[in-house]
> 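I have a structure I would like to understand better, so I am pasting it below and will then ask my questions one at a time.
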Amino acid sequence: MRWGLIGASTIAAEHMIGAIRASGGHIATVLSSSPDRAASYAATHGIAAGVTDLDAAMEGVEAVYISTTNEKHLPQAMAAIAAGKHVLCEKPLAMSVADAVAMVQAADAAGVTFGTNHHLRNAGSHLAIRDLITSGRIGDVLSVRVFHAVHLPPHLQGWRIDNPDAGGGVIPDITVHDADTVRFHLGEDPVDVVATKTSRGMGQGVEDSAMSLWSMPSGAMVQTHESFTHAYAGTGIEVHGTEGSIIARNVMTQQPIGEVTLRFDGGEQAVEYSEHSLYERAVDLFAKACAGEGRPAADGVDGVKSLAVAAAVSRAAETGQRTPVDYGWI
Ligand code: NDP
């Protein structure tokens, strides 16, 4: 499949260009708002055309990968859909749930494939965790605790820590991933949330830390912690059930790493999992879906729902009120 990159971004440079090529895709174009960056990015990454015009970026390609800052996702996705391109879009899909819904509805109406690049559900560790849950190995799920407090590296700070208009803040950046991961594991959608957020020196005009509690339809309780300011916390997820607990450390990450342990009345055992690339699996499933086979790892509805949970967390933290999650039309 021939791809256009919409956005001369870090995530494309660090993960997605390699993943697209590993899946057999050809990257024909890259779009940047700056002619110099378009040219230098294209040269650095061996892409034939570095352009500043969206129509030119879509010429001769079947799919686009959108990884600009968050406020640009909506207009760029709508233009790509109108041009009949398949769209793999970065999270958060948009600045509001209504905008994300509009994108997904437009893709449906146009008959193009739409995917959301939630990488974590592609990790071997998370696939193994979900298998343990769905096979009944830990019984009924009582609670989930997500630890996703990291120290944002300097090269990723930029708009994330000081530009609310570009979608900065830890809630749009990381809470969306946690929402997708919990939905993936439990197979159900949060009903309402309570939350708090703060800024402790890194965020300027946006939050750099958040904590929230989610109610699930099954009665399971979910607790999450996201931050840009925690250098030593480490990441993880714990899923506690009536028959056992899954303790996973260092798995809320872009790499195929971390330890997964199952605790039950017979003791403790390490859980084996596949160490494939998260992003290669995401691209591979997306490309297959474009060819009419299966579905993207995370589709447009998944992207709307993760954004809806993050939006509710944000509102709950602003108001101090328990806040229902509004999934829009879904
Ligand atoms: P970047 O800041 O690297 O890129 C975003 C935009 O910033 C680019 O499109 C580019 O604009 C501009 N830009 C990039 N580098 C420079 C530079 N040196 N000087 C000036 N402008 C520059 O963002 P990320 O790659 O970190 O994130 C992009 C998107 O991907 C976001 O939506 C984010 O949420 C998502 N993301 C997803 C991840 C995942 O694992 N799913 C991980 C990381 C990010 P232009 O294109 O106009 O040149």
Side-chain angles (χ1 to χ4, degrees), residues 4-20 27 29-45 47 49-54 56-57 64-77 87-95 99-100 103 115-123 126 148 150 152-181 184 206 226 228 235 251-256 277-283 285-286 296-298 302-303 306-307 310:
L5 301 185
I6 308 298
S9 67
T10 307
I11 178 71
E14 291 184 350
H15 294 280
M16 291 299 285
I17 291 174
I20 289 170
I27 302 170
T29 61
V30 58
L31 176 82
S32 170
S33 55
S34 141
D36 288 350
R37 203 160 55 246
S40 69
Y41 196 95
T44 303
H45 298 287
I47 300 167
V51 300
T52 55
D53 176 66
L54 184 54
V64 297
Y65 165 59
I66 299 177
S67 63
T68 45
T69 46
N70 304 334
E71 85 288 7
K72 294 183 178 166
H73 296 177
L74 171 74
Q76 291 169 335
V87 175
L88 178 56
C89 188
E90 269 306 340
K91 46 49 66 171
L93 286 186
M95 300 290 282
D99 286 352
M103 290 156 71
T116 307
N117 204 27
H118 279 307
H119 60 296
L120 289 169
R121 59 164 68 205
N122 290 285
H126 286 285
H148 208 157
V150 299
L152 194 64
H155 76 287
L156 292 183
Q157 291 180 9
W159 57 271
R160 276 185 179 79
I161 62 165
D162 68 3
N163 191 346
D165 296 336
V170 80
I171 295 173
D173 202 52
I174 303 186
T175 306
V176 283
H177 280 313
D178 293 344
D180 185 65
T181 305
F184 178 68
V206 298
E226 295 88 16
F228 289 155
T235 71
V251 294
M252 308 304 285
T253 167
Q254 297 175 305
Q255 306 298 334
S277 154
L278 286 61
Y279 294 96
E280 283 178 33
R281 183 177 186 275
V283 171
L285 290 177
F286 178 79
D302 293 315
S306 64
L307 177 57

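Side chains included, hydrogens not; waters and symmetry mates left out as well; all remaining heavy atoms used. When a ligand or atom number is given, it counts from 1 through the structure's own listing order. Counting begins at 1 with the first residue of the sequence.
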> For the side chain to side chain contact (heavy atoms under 4.5 Å, CB included) test, which of Ile11, Ile161, Asp173, Thr10 pairs with Leu156?
Thr10

> Who are the side-chain contact (heavy atoms from CB on, under 4.5 Å) partners of Thr235, not counting sequence neighbours?
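With sequence neighbours excluded, Thr235 shows a side-chain contact (heavy atoms from CB on, under 4.5 Å) to His148, Val150, Asn250, Met252, given in chain and number order.
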
> Between Val64 and Gln76, is there a side-chain heavy-atom distance shorter than 4.5 Å?
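Gln76 vs Val64: side chains apart.
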
> With sequence neighbours excluded, tell me which residues meet salt bridge (charged side-chain N to carboxylate O under 4.0 Å, His left out) with Arg121.
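Arg121 satisfies salt bridge (charged side-chain N to carboxylate O under 4.0 Å, His left out) with Asp180, Asp302 once adjacent residues are dropped.
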
> Name all residues meeting the ring-ring contact (aromatic ring centres under 6.0 Å, His included) criterion together with Tyr41; count only those two or more places apart in sequence or in a different chain, and write none if there are none.
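Per chain and number, Tyr41 pairs via ring-ring contact (aromatic ring centres under 6.0 Å, His included) with His45.
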
> Under 3.5 Å, N/O to N/O: give me all the pairs between ligand 1 and the protein, one per line with atom names and distance.
residue, atom, partner, partner atom, Å
ligand 1, 2 (O), Trp159, NE1, 2.9
ligand 1, 3 (O), Thr10, N, 2.8
ligand 1, 3 (O), Thr10, OG1, 2.4
ligand 1, 11 (O), Arg37, NH2, 3.2
ligand 1, 21 (N), Arg37, NH1, 3.2
ligand 1, 21 (N), Arg37, NH2, 3.3
ligand 1, 25 (O), Thr10, N, 3.1
ligand 1, 25 (O), Ile11, N, 2.8
ligand 1, 26 (O), Arg160, NH1, 3.0
ligand 1, 26 (O), Arg160, NH2, 2.9
ligand 1, 32 (O), Thr68, O, 3.3
ligand 1, 32 (O), Asn70, OD1, 2.6
ligand 1, 32 (O), His73, NE2, 3.2
ligand 1, 32 (O), Lys91, O, 3.3
ligand 1, 34 (O), Lys91, O, 2.8
ligand 1, 34 (O), Lys91, NZ, 3.0
ligand 1, 40 (O), His119, ND1, 3.1
ligand 1, 40 (O), Tyr279, OH, 2.5
ligand 1, 41 (N), Glu90, OE1, 3.0
ligand 1, 41 (N), Asn117, O, 2.9
ligand 1, 46 (O), Ala8, N, 2.9
ligand 1, 47 (O), Ser33, N, 2.7
ligand 1, 47 (O), Ser33, OG, 2.6
ligand 1, 47 (O), Arg37, NH2, 3.4
ligand 1, 48 (O), Ser32, OG, 2.5
ligand 1, 48 (O), Arg37, NE, 2.8
ligand 1, 48 (O), Arg37, NH2, 2.6

> Among Phe184, Tyr279, Phe286, which residue meets the ring pair (Phe, Tyr, Trp, His ring centres under 6.0 Å) test with His119?
Tyr279

